[in-house]
Amino acid sequence: MSRIALVDVNNCYVSCERLFRPDLLNKPVVVLSNNDGCVVARSAEAKALGVVMGVPWFKLKGFARQHGIVALSSNYPLYADMSNRIMSLLATYSARQEVYSIDECFLDLTEHTHTDLTDYARTMRLQIAKWLGLPVCVGIASTKTLAKLANHVAKKQPLWQGVCDLTALDKSALDALLAEIPVSAVWGVGQQHTQAFMKLGIATVRDLRDADSRFIRKRFSVVLERTVQELRGVVCLSPGWVGCAKQQIMSSRSFGRPVHTFADLAEAVTTYITRAALKLRQQNSLAGAIQVQIRTNPHQPKAPQYNPSIIVPLSQPSADTLMLNAVAVRGLAQIFQPGYAYAKAGVMLLELLPATRAPGDLFADLGHSTRRTTLMHTMDRINGKYGANVIGAGVAGMSERRSWMMKQGQRTPNYTTRWSELAVVQAV
DNA sequence: TCTGGGGTCCTAGGACCC
DNA sequence: TCTGGGGTCCTAGGACCC
């Protein structure tokens, strides 16, 4: 039987902020999405006040003031840096790790010699708390879906003290536990499925586990059938252990204010291409096509709506920012219509393939392409050292012109990634 | 006034082929 | 009057995740 752990940072963004703002401990705190749009993370105290995930900040503002809720803009460099630290530390606990998101990873503990994995996971928690100051919960089970569920239990039920190992339970204890948990807590079961399940009398995790899997496949999909199997302990979700290359790379942002002109949109698209192309080179891939999308604000249904997108194939797979940018701006020109208030733009790099498997271009000037590769490499290094966008493609515009950039009113400093923003300790 | 960004996987349906 | 069947490939869109 395989044994898989899912380790997950509690209220990740809030916990990261509290590392450098101990004054926020025990206070209700929320972290907002880009443009300070809506709530994406809540402290336990904020949850207790009834603040729900995803609520728009402008609707919460008054309530927040009344109840002393502290709201912070999201500080992704900080979260990404803490994430890297925690992931490398966790990698020492298993030879096989799958980083699933910024704040959680799976560890394969099948080969582990400890019989008591709960003990092992407690050690993990303690070390992470001591070295990084972040609280985590650990769920352990025989499949990824069950490990997610175990993690849910570890978080929600205090008596587990942050670690829940389902493989240590006997059948009746497991049945009783699964019968307590609503089916909506299962990984892969969202709102739509929950509603449909209710009508079928499937209310708890146990109900779903014991449902007829052929029926589930027929009525829903093969995806949900696999979920049912995984709940029974049959491994269906193949693990993506260590650095799997992404299949698509996206970069998009809502604007800080409505944008009307082609020039501003082109500037934004160039900025996003720069970001996406960097990620592309970091995973050592080439893109075969680019999708460009622009959209008006869907929350203003009375304003004229226009949400076009276009996929432009590249004549030759590439990771060259300037080349990708030229193609993207050409795509933008094809879909752009004047007269709309655009709220967001984005680019997606598609048809990715490993750089080593690139088909040769019969007509390529090899000297030229080598120089371009070196140029990209140099650009990445300079931007890595002095901050993103020190060097970029011509259309990207200097920062003072980029008036469409997102709003972040309450951002904390880059405590761990910029020398100039290090926390200062004063002896009193 | 103000509603995120970045992903995965699957399905249905159309175009096209013999 | 009567107009096949089976296959592939591609794309758009849905559902879900954090």
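No hydrogens, no waters, no symmetry mates; every other heavy atom, side chains included, goes into these values. Residue numbers begin at 1 in each chain, while the letters A, B, ... track the order of the sequences.
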Side-chain N or O of [X] closer than 4.0 Å to phosphate OP1/OP2 of [N]:
X	N	result
A:Q300	B:dT3	no
A:S254	B:dG5	yes
A:N35	B:dT3	no
A:K148	C:dC17	no
A:H299	B:dC2	no
A:K246	B:dC9	no
A:R253	B:dG6	yes
A:R226	B:dC10	yes
A:K344	B:dT3	no

Please tell me which of the listed nucleotides, [options], lies nearest to the side chain of [X]?
X	options	result
A:P56	C:dC18, B:dG6, B:dT3	B:dT3
A:V222	B:dG4, B:dT11, C:dC17	B:dT11
A:I249	C:dA12, B:dG4, B:dG7	B:dG7
A:K59	C:dC18, B:dT3, B:dG7	B:dT3

A:K47, A:E45, A:E17 screened by side chain to side chain donor-acceptor pair (under 3.5 Å) with A:N11, the one that passes: A:K47

Aromatic ring proximity [X]/[Y], centre distance under 6.0 Å:
X	Y	answer
A:Y93	A:Y120	yes
A:Y306	A:F336	no
A:H260	A:Y342	no

Sugar-phosphate only, base, or nothing, as touched by [X] at under 4.0 Å among non-hydrogen atoms:
X	result
A:E104	sugar-phosphate
A:V186	sugar-phosphate
A:D103	sugar-phosphate
A:S251	sugar-phosphate
A:S221	nothing
A:W57	nothing
A:V55	nothing

May I have the distance from [X] (atom [atom1]) to [N] (atom [atom2]), rounded to whole angstrom?
X	N	atom1	atom2	result
A:K144	B:dC9	NZ	P	10 Å
A:Q248	B:dT8	CD	P	5 Å
A:L6	C:dC18	CG	C1'	11 Å
A:K302	B:dC2	NZ	P	12 Å
A:R295	B:dT3	CZ	C1'	12 Å
A:Q195	C:dC16	CD	P	10 Å

Counterpart base for B:dA12, defined by Watson-Crick or G-U wobble contacts under 3.5 Å: C:dT11

Can you tell me how far P in B:dT3 sits from the matching atom in C:dC18, rounded to whole Å? 25 Å

Can A:K148 and A:E104 be said to form a salt bridge (charged side-chain N to carboxylate O under 4.0 Å, His left out), step by step? CA-CA 10 Å; A:K148 287 284 280 187; A:E104 63 188 296; 2.7 Å; yes

Judged by nearest nucleotide, the residue sitting upstream toward the 5' end of DNA chain B, A:V223 or A:N297, is A:N297

Over 60° means perpendicular and under 30° means parallel, so tell me whether A:Y13 and A:Y79 are parallel, tilted or perpendicular. parallel

Is it true that the NZ or CZ of A:K144 lies under 6.0 Å from the centre of A:F106's six-membered ring and within 45 degrees of the ring axis? yes

